[in-house]
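In what follows, every chain begins at residue 1, and chains take the letters A, B, ... in the order their sequences are listed.
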2 protein chains.
Amino acid sequence: MERAVPAGIVTLKDVAAASGVSLSTASRALDERMVSRSAAAAHVRKIAEELGYRRNSFASSLRRGETRTLGVLVPRLSDTVMALMFEELERAASSRGYFAMVATSGDDPEDERGAAETLLDRNVDGLILATARLDDELPRLLRERRVAHALVLRTDGISPSALGDDEVGGYLAVRHLIDLGHRNIAVVTGPTFTSSGTARLAGARRALGEAGVAPREEWLIAAGYGIEDGYTAGETLLAGTQPTRPTAIFAANDNIAMGVMAAAHHNGIAIPDDLALVGYNDTPLSARLPTPLSSVRVPLDQIAANAIELIVNPGTEPFIRRSLPTLIPRQSSGKPKHAGG
Amino acid sequence: MERAVPAGIVTLKDVAAASGVSLSTASRALDERMVSRSAAAAHVRKIAEELGYRRNSFASSLRRGETRTLGVLVPRLSDTVMALMFEELERAASSRGYFAMVATSGDDPEDERGAAETLLDRNVDGLILATARLDDELPRLLRERRVAHALVLRTDGISPSALGDDEVGGYLAVRHLIDLGHRNIAVVTGPTFTSSGTARLAGARRALGEAGVAPREEWLIAAGYGIEDGYTAGETLLAGTQPTRPTAIFAANDNIAMGVMAAAHHNGIAIPDDLALVGYNDTPLSARLPTPLSSVRVPLDQIAANAIELIVNPGTEPFIRRSLPTLIPRQSSGKPKHAGG
DNA sequence: CTCCTTTTTGCAAACGTTCTCTTGACAGTG
DNA sequence: CACTGTCAAGAGAACGTTTGCAAAAAGGAG
């Protein structure tokens with residue numbers, strides 16, 4: 001069966017022949033790891049350039065047993081945070097000579113396993129997991145199989161992980177609201193099965209405690225991370241039927257915050273006049289909403305760099321690296337008109 | 001140099017040995033293309049399963065000369081439309097047994113070339129370009145090099161392309177506004193160097209023409225596709241200094257629409273009471289804004305399927321496939337209070 | 001049971017690299 | 001000039017599959 005190559009594919013053999021050296025010499029001359037060497041080698045490189053030689057990555061990987069490729073597993077890329085995270089991972093990987101390959105896994109653990117296998121079948125040198133569940137089996141399986149991997153944006157406490165310090169983030173957000181004079185503060189966190197959700201809530205509680213505010217348990221809502229989850233929670237907190245309602249809300253995610261905004265709008269509550277709002281992740285959108293959203297910025301670039309580092313240089317402590325988030329105050333959290341406790 | 005394999009890697013040779021057949025028989029028994037065959041083959045498959053054999057994709061690709069991998073080039077994944085597009089491409093590819101690999105190129109043509117090379121170096125069987133510029137050189141280069149490829153969400157009129165019918169989309173949006181009674185309609189399109197931008201504008205013009213409305217040229221603004229571009233355009237159209245202002249705006253993109261919303265908010269103009277607004281792409285966010293945004297939905301799944309088809313089965317006409325968009329009316333385009341004109 | 005056709009099998013040669021080992025060249029030293 | 005050490009280059013064996021070819025086995029018809 002004839003291969004339909006346009007005859008244009010120039011292989012290392014061609015380069016060697018054209019430069020009058022042996023295959024091995026040509027190979028060595030083009031090896032990027034050792035710096036240029038002697039006269040003849042330079043010649044080979046020139047010829048290769050002229051002929052438009054491109055190394056066949058399969059042959060190379062087959063022989064070398066490494067691919068300089070990392071697999072990234074995310075639930076979905078249409079989630080802006082995941083997309084941003086991947087972009088940073090891609091950048092960090094490429095700056096270290098690696099290529100980042102993504103697969104989306106959805107929310108189903110079964111599909112997640114499948115996606116992981118897909119990536120492993122492509123012989124990735126390591127796997128980066130941006131999937132969120134605390135009770136996920138995958139990290140354990142990967143540890144057992146001795147697959148290099150790192151968790152990103154969350155941790156299970158065992159596998160190498162790079163994430164933002166969610167507890168501090170939660171603290172910063174609520175502390176900001178307290179500093180503005182708020183006492184009636186509600187928190188809408190993510191699902192309880194995510195480490196980010198629980199940690200942000202813990203941080204929020206710490207800030208409340210420090211200020212001597214006893215949190216009302218019915219104002220601490222664990223929701224999903226979607227806009228409608230935020231809307232539902234917002235309705236619960238803000239509907240006219242409530243005897244008293246919070247003057248400030250910390251949403252553990254910008255999506256939730258958007259949902260809360262919609263609910264506030266729906267109930268005729270103005271932001272920031274009647275309600276202060278702080279989100280999380282500092283999505284590009286946040287800054288550009290009609291009422292720009294205060295949000296906790298997570299240093300995704302640092303997290304990405306850490307994750308790559310953990311895989312490329314396994315064994316370098318610490319295995320769990322938290323990067324500090326910062327609060328970006330914007331219009332959505334102004335001084336309240338009707339503050340008080 | 002010893003390879004650091006955990007000794008766990010089971011190769012085809014092992015499977016063959018364990019099942020007492022030759023290498024070639026084992027290989028054929030595991031070939032997915034021809035359905036199962038005779039007794040012995042079934043046995044091989046069972047052994048392979050037990051041993052946890054996974055075919056080495058490099059060796060396979062090296063020998064076969066194909067990778068069942070498609071490269072997707074997008075400017076950035078943090079653009080929701082691009083992320084959604086990629087997700088659909090991934091799905092469509094996987095349903096045909098292909099794997100979709102993404103690289104982001106940014107806006108710089110230079111980087112785009114580089115990203116394309118990165119993908120080609122990984123021996124993708126074809127390239128899908130979701131980058132937007134009309135004057136892009138890359139499609140021409142790919143044609144010259146006989147690289148299988150398809151454009152997505154735009155066309156240059158020559159290379160195989162799968163996209164939405166932007167002209168019709170523009171028409172639908174403006175026709176909707178006209179049907180609501182609007183006559184003072186402004187259009188904010190994308191950059192003139194994108195086929196989507198110009199086509200949507202053309203469609204809008206057609207709708208205006210049909211209704212006997214002479215478009216005011218200063219109300220047809222070519223902007224970028226970002227939120228702030230929309231904001232700037234919105235300010236221009238809506239600022240209090242304008243003698244008359246439009247009662248309806250068609251934004252060629254949901255981002256632009258969001259910017260216009262912000263500008264309207266800033267100028268104290270209520271949507272939909274004082275201004276009707278229609279966006280484009282029907283981003284998931286659109287439906288969930290405080291004032292849900294009417295938008296033109298583009299069938300990304302069809303487009304993805306077409307693109308994959310064009311690459312996997314090259315030569316099947318037509319080379320340029322347009323899918324029909326539909327209008328999703330929502331709250332942002334209600335009947336105007338002060339219509340007329 | 002023979003002859004012919006179809007299917008299955010094994011051998012061995014690829015695919016394009018990399019890398020170990022060996023040989024050759026060259027320069028420096030006494 | 002002989003000797004040793006350094007460095008570059010070539011030969012050839014991998015890496016794990018797939019596949020053309022020839023031979024063997026199986027199945028069918030008479």
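- Nearest to the side-chain atoms of B/Y53 among the listed nucleotides D/dT17, C/dG10, C/dT18 stands D/dT17.
- As judged by a 4.0 angstrom heavy-atom cut-off over every strand, B/S27 is placed among the base-contacting residues.
- Taking a cutoff of 4.0 Å between a charged side-chain nitrogen and a carboxylate oxygen, A/E88 and A/R91 qualify as a salt bridge.
- For C/dC19, one of the phosphate oxygens OP1 or OP2 lies less than 4.0 angstrom from a side-chain nitrogen or oxygen of A/R64.
- Across the protein-nucleic acid pair, B/R28 atom CZ and D/dT18 atom P stand 11 Å apart, rounded to whole Å.
- Of the candidates C/dC15, D/dT17, C/dC19, the closest approach to any side-chain atom of B/L62 belongs to C/dC15.
- Taking atom NZ of residue B/K13 and atom P of nucleotide D/dT17, one finds them 10 Å apart after rounding to whole Å.
- Rounded to an integer number of Å, the gap from CG of B/L30 to P of D/dG16 is 16 Å.
- Summarising the geometry, the separation between CZ on B/F58 and P on C/dT18 is reported as 13 Å, rounded to the nearest angstrom.
- Straight-line distance from the CG atom of A/N123 to the P atom of D/dC15: 15 Å, rounded to whole Å.
- A salt bridge links B/R54 with A/E117; the closest basic N to acidic carboxylate O contact falls under 4.0 Å.
- A 4.5 Å side-chain heavy-atom check between B/T131 and B/D136 finds at least one atom pair inside the cut-off.
- When heavy atoms are screened at a 4.0 angstrom cut-off, A/T11 is found touching the sugar-phosphate backbone but no base atom.
- For the residue pair B/D125 and B/Y98, the shortest heavy atom distance occurs at OD2-CE2, 3.9 Å.
- Distance, B/D31 CG to D/dG16 P: 20 Å, rounded to whole Å.
- Spacing between atom CZ of B/R68 and atom P of D/dT18 amounts to 13 Å, rounded to whole angstrom units.
- At a cut-off of 3.5 angstrom, the base of C/dT18 holds at least one donor-acceptor pair with the side chain of A/R63.
- You'll find that the side chain of B/L12 is closest to D/dT17, out of C/dC11, D/dT17, C/dC21.
- The CZ-C1' distance, from A/R55 to C/dT18, rounds to 10 Å in whole Å.
- Which of D/dG10, C/dC11, C/dG16 sits closest to the side chain of B/S24 comes down to C/dC11.
- Contact of the A/R154 side chain with the A/T194 side chain is not registered, since no non-hydrogen atoms from C-beta on lie closer than 4.5 Å.
- Between D/dT18, C/dT17, C/dG10, one nucleotide has an atom nearer to the side chain of A/N56 than all others, and that is C/dT17.
- For B/S22, the side-chain atoms get nearest to C/dG10 when compared with the rest of C/dG10, C/dT17, D/dG10.
- With hydrogens and angles ignored, no donor-acceptor pair closer than 3.5 Å exists between the side chain of B/R54 and the base of D/dG16.
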